[in-house]
Structure formats: C-alpha cells, structure tokens
Amino acid sequence: VLPYIGMIMVSLTPSLGADLTLENFTFKRYGYIFTNHPFVFRAIRNSFFLAAASATILAIFTLVVAVIVHRTQLPGRGLLGYMSRWPVAIPGSVIAVSLLYTFIRPPVQLVGTIWILLLAYVIRNLPYAYSAAYAGLARVDPTLEEAARIHYTPPRRTFFRIIIPLTIPSVMAGWVIAFINSLRELPASLLLFSSGNETISVAIYEMFEEGAFQLPNAAALMTFLSVITVIPAIIVRAKARGGAG
C-alpha cells in the first residue's frame with residue numbers, strides 16, 4: 001500500500017519533493033495530462049482499444065480451443081493445448097523482437113502499425129485466457145453434452161446453448177485478466193510502438209525519461225492506470241461472490 005500512497009501524494013503536489021499540505025494540494029497534474037500533454041490522451045485511447053480488442057479475441061479463441069482440446073478427439077489437440085500455454089514462459093521482450101523480425105517485411109508487414117501491438121498482446125495473454133476458459137469448461141459436466149447428442153442436437157447449438165452459458169463467468173474472468181495485463185504491458189509496448197501508436201505504459205516511461213520535472217505527471221498517469229485496472233477486478237470479484245452466494 002505504501003508505494004501507492006507515495007505515488008498518489010506525488011501526483012497531488014505541485015512539484016517533486018513538496019509537502020502534501022492543504023496549500024500545496026492540487027489536481028493540476030491530472031488536468032495537464034488529460035488536456036495539455038502532447039500524446040497522453042492518444043495513448044489512453046490506444047491502450048483501451050488494444051486491451052479490449054485483445055481480450056475479446058482471446059475470450060472467443062481460447063473457449064473454442066478449450067473445447068477442441070478437451071471435448072474432441074481431433075489429432076494434434078494436445079499440441080494445440082500445449083502451445084496455448086507456452087507463451088507464459090517467454091519474456092515479453094523476446095516475443096516483441098520475434099514479431100519485429102517476422103513482420104518487418106512483406107508479405108505481412110505489421111511493423112509501424114498498431115496491429116503488431118495487438119498481436120503481441122494476444123500472444124502475451126493467451127495462457128491466462130486459456131487457463132480461465134479451460135477452468136470454466138472443466139466445470140461443465142460432459143453428460144450435458146452427451147444428453148444433447150442423444151437428442152440429436154447439432155454441435156453448434158450445443159456450443160451456444162450449453163457450453164457458452166455455463167462457461168461465461170470463467171471466460172469473463174479471463175477477459176478481465178487479459179484486459180488488465182494489456183493495459184499495463186510495458187516490454188512489448190516499448191519495442192513495438194511507433195509514432196501515433198503510443199500506449200499508457202509507453203507514456204509513463206517517456207515521462208520518466210524526460211526527468212524529475214515530469215515525475216508528478218507520471219505519478220498522476222500511474223494513479224489513473226492503477227484505478228482503471230483495479231475497478232474491473234473488483235467488479236468481477238463482486239459478481240463471483242454474488243454468484244457463489
């Protein structure tokens with residue numbers, strides 16, 4: 001808690017090192033980063049787009065993968081499940097450099113676009129979203145799907161009428177994890193961003209690089225980032241407790 005308190009105190013003072021008194025208490029740092037800073041608003045917009053898009057892609061993709069791996073007899077399903085967990089062991093910087101080398105030239109040239117960041121976020125958060133989808137699917141009794149087959153229910157209808165409704169809480173938990181992780185992702189963002197595609201983490205890093213006079217602005221942006229990452233987690237936890245009750 002103490003680092004967060006220190007961060008908030010710095011964001012509310014007029015300069016680094018000033019005491020947080022009633023005379024010094026100010027929100028001008030927040031006003032500056034949201035209205036006058038050259039690219040913070042753009043970074044916030046980019047981060048929200050990338051986080052929401054990557055989390056949504058992962059929620060859909062990992063549920064389909066979990067069903068293929070654990071509910072079918074397709075050849076190669078074990079390898080598919082292994083590959084879905086594999087990125088957790090790879091540093092973000094390694095993933096970013098690999099993407100740079102892969103997509104720096106045609107036929108698929110993504111370097112310099114926002115789409116390479118989206119791809120990096122999807123890869124980085126694939127293991128967490130897959131684990132959440134698998135946990136939700138594991139709680140669905142296979143006999144429900146067997147009963148549907150006995151009654152000649154098409155597989156697509158079984159997927160949409162049985163699997164999705166029963167796994168949606170876990171899938172949404174995976175969505176929130178991917179969303180939060182994408183908002184605060186730094187290594188891949190630093191290596192892959194381009195002008196116009198900055199993210200919140202990149203903006204914070206560049207403020208630190210500019211020197212001590214920018215640190216209160218960085219603290220204000222870090223406080224904003226902390227709030228928007230904590231709120232979704234609190235909401236999901238509250239819903240989970242409500243469902244358990």
Side-chain angles (χ1 to χ4, degrees), residues 3-4 7 33 37-40 42-59 61-62 65 79-133 174-212 214-215 217-226 228-230 232-233:
Y4 283 98
M7 176 183 66
I33 63 171
H37 196 277
F39 60 84
V40 165
R42 183 173 66 231
I44 293 172
R45 182 189 61 200
N46 290 338
S47 289
F48 270 92
F49 166 74
L50 290 167
S54 61
T56 303
I57 291 170
L58 284 168
F61 176 73
T62 54
V65 170
L79 179 61
L80 182 61
Y82 172 76
M83 291 180 64
S84 297
R85 292 188 176 97
W86 190 36
V88 74
I90 306 175
S93 56
V94 174
I95 292 175
V97 172
S98 301
L99 291 175
L100 280 173
Y101 280 119
T102 303
F103 297 108
I104 198 170
R105 60 181 64 87
V108 183
Q109 188 172 356
L110 298 180
V111 174
T113 72
I114 199 170
W115 307 115
I116 195 169
L117 284 167
L118 178 62
L119 182 57
Y121 290 178
V122 167
I123 295 173
R124 286 280 283 161
N125 293 296
L126 178 58
Y128 309 110
Y130 175 75
S131 297
W175 189 97
V176 170
I177 293 171
F179 181 82
I180 291 173
N181 286 346
S182 296
L183 280 179
R184 65 188 187 187
E185 172 64 32
L186 179 60
S189 300
L190 279 177
L191 291 171
L192 297 174
F193 88 95
S194 55
S195 180
N197 297 323
E198 301 90 350
T199 64
I200 296 176
S201 298
V202 172
I204 292 172
Y205 182 84
E206 293 199 354
M207 287 180 186
F208 271 94
E209 288 292 295
E210 290 177 15
Q214 281 281 13
L215 290 184
N217 295 327
L221 189 54
M222 286 189 292
T223 302
F224 170 76
L225 178 60
S226 300
I228 62 176
T229 54
V230 166

Are side-chain heavy atoms of [X] and [Y] found at a separation under 4.5 Å?
X: Val230; Y: Tyr4; answer: no
X: Val88; Y: Tyr128; answer: yes
X: Val202; Y: Asn46; answer: no
X: Ile200; Y: Ile228; answer: yes

Test Glu185 against Leu50 for side-chain contact (heavy atoms from CB on, under 4.5 Å), laying out the working first. CA-CA 11 Å; Glu185 172 64 32; Leu50 290 167; over 6 Å; no
Which heavy-atom pair separates [X] from [Y] by the least distance, and what is that distance?
X: Thr62; Y: Tyr130; value: CG2-N, 3.5 Å
X: Ala43; Y: Ala203; value: CB-CB, 4.2 Å
X: Met7; Y: Ala219; value: O-CB, 3.5 Å
X: Leu58; Y: Ala129; value: CB-CB, 3.8 Å
X: Ala89; Y: Pro91; value: O-CD, 3.8 Å
X: Asn125; Y: Ser182; value: ND2-OG, 3.1 Å

Would one find more than 12 heavy atoms of other residues, nucleotides or ligands at under 6.0 Å from atom [atom1] of [X]?
X: Phe103; atom1: CZ; answer: yes
X: Phe48; atom1: CZ; answer: yes
X: Phe61; atom1: CZ; answer: no

Rounded to the nearest 0.5 Å, how far does [atom2] of [Y] lie from [atom1] of [X]?
X: Ile95; Y: Tyr121; atom1: CD1; atom2: OH; result: 12.0 Å
X: Phe208; Y: Asn217; atom1: CZ; atom2: CG; result: 11.0 Å
X: Ser47; Y: Arg184; atom1: OG; atom2: CZ; result: 13.0 Å
X: Ile116; Y: Leu99; atom1: CD1; atom2: CG; result: 5.5 Å
X: Ile57; Y: Leu126; atom1: CD1; atom2: CG; result: 11.5 Å
X: Leu190; Y: Glu206; atom1: CG; atom2: CD; result: 8.0 Å

Please determine whether side-chain contact (heavy atoms from CB on, under 4.5 Å) holds for the pair Arg124 and Ser54, giving the CA-CA distance in whole Å, both sets of side-chain angles, and the decisive distance to 0.1 Å. CA-CA 10 Å; Arg124 286 280 283 161; Ser54 61; over 6 Å; no
Let's go through Leu225 and Thr229 carefully: what are the C-alpha distance in whole Å and the side-chain angles of both, what is the deciding distance for side-chain contact (heavy atoms from CB on, under 4.5 Å) to 0.1 Å, and is it a yes or a no? CA-CA 6 Å; Leu225 178 60; Thr229 54; 4.0 Å; yes
Got a sec, which residues hit salt bridge (charged side-chain N to carboxylate O under 4.0 Å, His left out) with Arg85, two or more places apart in sequence or on another chain? none
Could you go step by step and tell me if Ile90 and Ile123 meet the side-chain contact (heavy atoms from CB on, under 4.5 Å) rule? CA-CA 10 Å; Ile90 306 175; Ile123 295 173; over 6 Å; no
Mind telling me whether Trp115 and Phe49 have parallel, tilted or perpendicular rings, with 30° and 60° as the class edges? perpendicular
